[in-house]
Amino acid sequence: MSTVNVKDNSPIIVEEESKEEKLTGCDAVLHAIWPVRYRKRTTASNGELYIKTTIRNLLLYIIFLVILCIIVYGMVGLINFHFSNGMLSLFVDEELENGKTFRNGFVTYDDVWEYLTGPLLNGLHFETWYDLSNTTEENIGFIFYQNKILGRPRLLQIRVKDNSCPLSSRVKKMVESCVGEFNGKTENKEPFGKALKSIDQNDTTYKAWIYSKDPQGTGGYSGLVGSYPPNGFMTNLGQYKSESLEILQDLKKNDWLDKFTRAIIIDFTVYNGNVNLFNQLRLVIEFPPTGGMFNSWTVRTSKLLRYVSTFDYVVAACECLFVLFIIYYTIEELFDIKLNKLKYFKDVYNIMDIFILGLSYTTIGFSIYRTVQVNNLLDRLLTNSSEFQNFDTLTFCQELFNQASAVVIFFAWVKIFKYISLNKTLDQLNSTLRKSAKDIMYFCIIFFIIFFAYAALGYMLFSEFLADYQNFFKTLFTLFRIILGDFDFKTLRANSPILGPIYFISFVFLGFFILLNMFMAIINQSYTEVKEEMAQQQPEFMLSDYLKVNYSRVVEKLSLRRDRILDIQEVLKSEEVSSKDELDFNLWRKELKKKGYADMEIESLFSRYDKDSDRKLNEIEKIKMVKDIAKARNNIKEEYQNFKQNRDTTTKKDAFEVGDDCVEEVDESEPRLMTRDDFDYVVGRIDRMELSVASIISKIDRLFHHLESMEIEKMRKRQEIARLLKEQTNSPEMDQNINQMISN
């Protein structure tokens, strides 16, 4: 390879093409589709081929990324937020008569019954208009007059057994019974209340007093205090408000809620056909053993019916393309593993590729599962609309699908860092992270030791009276917030006037002023070392070099075409040619030979206009040639101008672009500075001239060597003839020998 130094002291490396094994047949086709060996500099034959392959892969990956964005963002939107927010404002933020809301929490059982018979029923049953007139039968079962309730809303109660926790013998006289926390052993499945009396099975609240299993078999529920099974004491509300109110009043009258109740779960699903969205809302009221209540809720807005509108079918087409891309990338990774063996797994980006492919196949499988299950569930809903229809599994899986898609698109965007190595400046980021990885790992060990120590200390000191320190994980998040500047120092000092400030100040000093600045110092030091190393080493063939080389090639090609046209125009404008009405081929050949054209080029151009093949161009044929040459020149000028403007609008115009004389006026008083592009262009021309001159010199050397050999042979023959003449002066066979040697 050869290097050329310029003003900025950055050598340009021109790599010689290395010979590589030529592929044929199926191997050549597969290599053209999946050029795995050119994905890295170490396996590519030269830098230019590596850059070209990387640009191809980058453009292909951008198409894949656009398709992925259309699929992922086609599932969510601002309308999802409005839908969820509207449901929460109706069932979570609606106030009771005493001003309490579900969001702020309840205190007594009366608050719970007031909520069930008030905001809950009013939100589920929109049976009157704003003028207090009754709605039509068709509008029954719609929330906000727009959202159809699928099936019936359901209430589920979770209970525990009596004496479900141990009591100390010293307090048994004061406490007669103990009702502990809920778990699998303390769950109460025995009938209670009205079920212990004579009750008709056709009673609307019969199932509320009998333990039942969820016929649709969901995975259970989670709250703030604990997790609960899908089975328990459940009842469905009615289609009309009066029916639901009657059910709730009966439950309240017969003490459906008591001290053995640990949780009430209200669950229902609605569908809005206007926007083709399902919304599942779950309200959980927990009754811990300590007394009081904890309210929580879960709202999931999902697009379970994917293909309805025109845009949905566009997304479906993108999903098909996505599957094809995943198959393509899977085959590419398999070829890469076959080529690099275990070295493949040493690259972080390769591990990222495997992770993306794995999650992609998971999302594809779920998409098929969701389509089948939604159709089955809707068919069952149409046949039995008076029962509760549990969409929990589907909406939960859809939520997992959205989360998996979010992770996929996150890593898909991060993977773009793989291609920034084409640029020297952007590659410094990757090099800095690689160089500082070891130091950052050791720093993280020290950081997390101190971090977990402060988390344990804060949990033990403040968990009793501060919500931010209720458990160990909340304490960890609180410490992260302190590092980022989000903290509540007043509350901490108010609850612990001495230990609170000491804890806060010491952590800020260690975590922020020392550790965080140590981290910044590690990154800064690594970045400085990377810059020094990259300045000392010979630069590799980068994207900018590739663009410059191709730019020089295009400019040279346009310049050569323009020079040829100028030569032809000069010949046609010469006095010897322009003075004659007809153009003879011999004169044409003579003039172009002076310009260095080959006989084949001369013959080809002349015969193109010599229609009658008389080896002469008449006046009409000559005029047609002149017009075609002028048109070709204008086309090349326009093409050259467009190319220059598209590449850099600030580049000066070439001297051949303006005027018939192809000369641009230049101010000779100001020195003309050569740009890097001009220098590269001149260097390229000089290199090609050197190759041409070297070839000519080589031929001349071979010619002189041949002439010298011939001269030596002639001298040898003369000496031999002289010797024979001297030895055989009187020999009768002399004439015969001389004639024989001359003939040889």
Quiz item: So, does Lys341 use its side chain to make a donor-acceptor pair with the main chain of Lys338 at under 3.5 Å?
Solution: yes
Exercise. To the nearest 0.5 Å, tell me how far Ile326 CD1 sits from Leu359 CG.
Key: 10.0 Å
Self-check item: Cys69 and Trp413, any side-chain heavy atoms less than 4.5 Å apart
Solution: yes
Quiz item: Aromatic rings Phe447 and Phe480: how do their planes relate, parallel, tilted or perpendicular, breaks at 30° and 60°?
Solution: tilted
Quiz item: Tell me, do Val408 and Val72 make a side-chain contact under 4.5 Å, heavy atoms counted?
Solution: no
Quiz item: Taking all non-hydrogen atoms of both residues, which atom of Ser367 and which atom of Tyr307 are closest, and how far apart?
Solution: OG-OH, 4.4 Å
Self-check item: Exercise: identify the closest heavy-atom pair between Ile356 and Ser360
Solution: O-OG, 2.7 Å
Quiz item: What are the two closest non-hydrogen atoms of Ile351 and Phe345, and how far apart are they?
Solution: CD1-O, 3.8 Å
Exercise. Establish, for the pair Lys303 and Phe311, whether the NZ or CZ atom is under 6.0 angstrom from the six-membered ring centre and no further than 45 degrees off its axis.
Key: no
Quiz item: Side chains of Lys415 and Phe64: closer than 4.5 Å at any heavy-atom pair?
Solution: no
Quiz item: Using a distance-only test with no angle check, is there a side-chain donor-acceptor pair under 3.5 angstrom linking Asn402 and Ser405?
Solution: no
Practice problem: Side-chain contact test, heavy atoms from C-beta onward, threshold under 4.5 Å: evaluate it for Phe278 versus Gln398 and give yes or no. | Solution: no
Quiz item: Out of curiosity, Gln525 CD to Ile523 CD1, how far, rounded to the nearest 0.5 Å?
Solution: 11.0 Å
Quiz item: Of the non-hydrogen atoms in Met518 and Phe443, which two are nearest, and what is the gap between them?
Solution: CB-CE1, 4.0 Å
Quiz item: Say you draw a straight line from OH of Tyr369 to OG1 of Thr362; how long is it, rounded to the nearest 0.5 Å?
Solution: 14.5 Å
Exercise. Might you work through the side-chain contact (heavy atoms from CB on, under 4.5 Å) test for Phe366 and Leu400, ending with a clear yes or no?
Key: CA-CA 9 Å; Phe366 169 75; Leu400 293 180; over 6 Å; no
Exercise. Starting from the C-alpha separation in whole Å, work towards a yes-or-no answer on side-chain contact (heavy atoms from CB on, under 4.5 Å) for Asn340 and Asp347.
Key: CA-CA 11 Å; Asn340 297 296; Asp347 193 341; over 6 Å; no
Self-check item: Residue list, side-chain hydrogen bond (donor to acceptor under 3.5 Å, both in side chains) with Tyr361, at least two apart or on another chain
Solution: Thr330
Self-check item: Atom CG of Leu342: over 12 foreign heavy atoms under 6.0 Å
Solution: no
Quiz item: Considering all heavy atoms of both residues, which atom of Ser84 and which atom of Thr301 are nearest to each other, and what is their separation?
Solution: OG-OG1, 2.5 Å
Exercise. Can you run down the salt bridge (Lys or Arg N to Asp or Glu O under 4.0 Å) pairs that involve residues 472-485, sequence neighbours left out, and say none if there aren't any?
Key: Asp468-Arg481, Arg481-Asp486
Self-check item: Flag if over 12 foreign heavy atoms under 6.0 Å of CE, Met520
Solution: no
Exercise. Establish, from distance only, whether the side-chain atoms of Tyr271 and Asn279 form a donor-acceptor pair under 3.5 Å.
Key: no
Self-check item: Spacing of CD belonging to Glu529 relative to CG belonging to Asn524, to within rounding of 0.5 Å
Solution: 10.5 Å
Quiz item: Any side-chain heavy atom of Phe451 sitting closer than 4.5 Å to one from Ile483?
Solution: yes
Self-check item: Given Asp392, Thr395, Thr269, the one that forms side chain to side chain donor-acceptor pair (under 3.5 Å) with Arg282
Solution: Asp392
Exercise. Show your working on side-chain contact (heavy atoms from CB on, under 4.5 Å) between Thr298 and Tyr221 and close with a plain yes or no.
Key: CA-CA 10 Å; Thr298 301; Tyr221 311 99; over 6 Å; no
Quiz item: Just by distance, do the side chain of Asp336 and the backbone of Tyr344 share a donor-acceptor pair under 3.5 Å?
Solution: no
Quiz item: Can you find a heavy atom in the side chain of Ile79 that is under 4.5 Å from one in the side chain of Phe83?
Solution: no
Exercise. Decide yes or no for Ile450 and Tyr454: does some side-chain heavy atom of the first lie under 4.5 Å from some side-chain heavy atom of the second?
Key: yes
Practice problem: Enter the distance from Thr475:OG1 to Phe477:CZ here, rounded to the nearest 0.5 Å. | Solution: 11.0 Å
Quiz item: Do Arg306 and Asp312 pass the side-chain contact (heavy atoms from CB on, under 4.5 Å) test, and can you show the C-alpha distance, the side-chain angles, and the key distance before you say yes or no?
Solution: CA-CA 6 Å; Arg306 292 298 303 275; Asp312 293 338; over 6 Å; no
Quiz prompt | CZ-SG distance between Phe325 and Cys318, expressed to the nearest 0.5 angstrom | solution = 10.5 Å
Practice problem: With the side chain counted from C-beta on, respond yes when Asp353 and Asn350 share a heavy-atom pair under 4.5 Å apart, and no when they do not. | Solution: yes
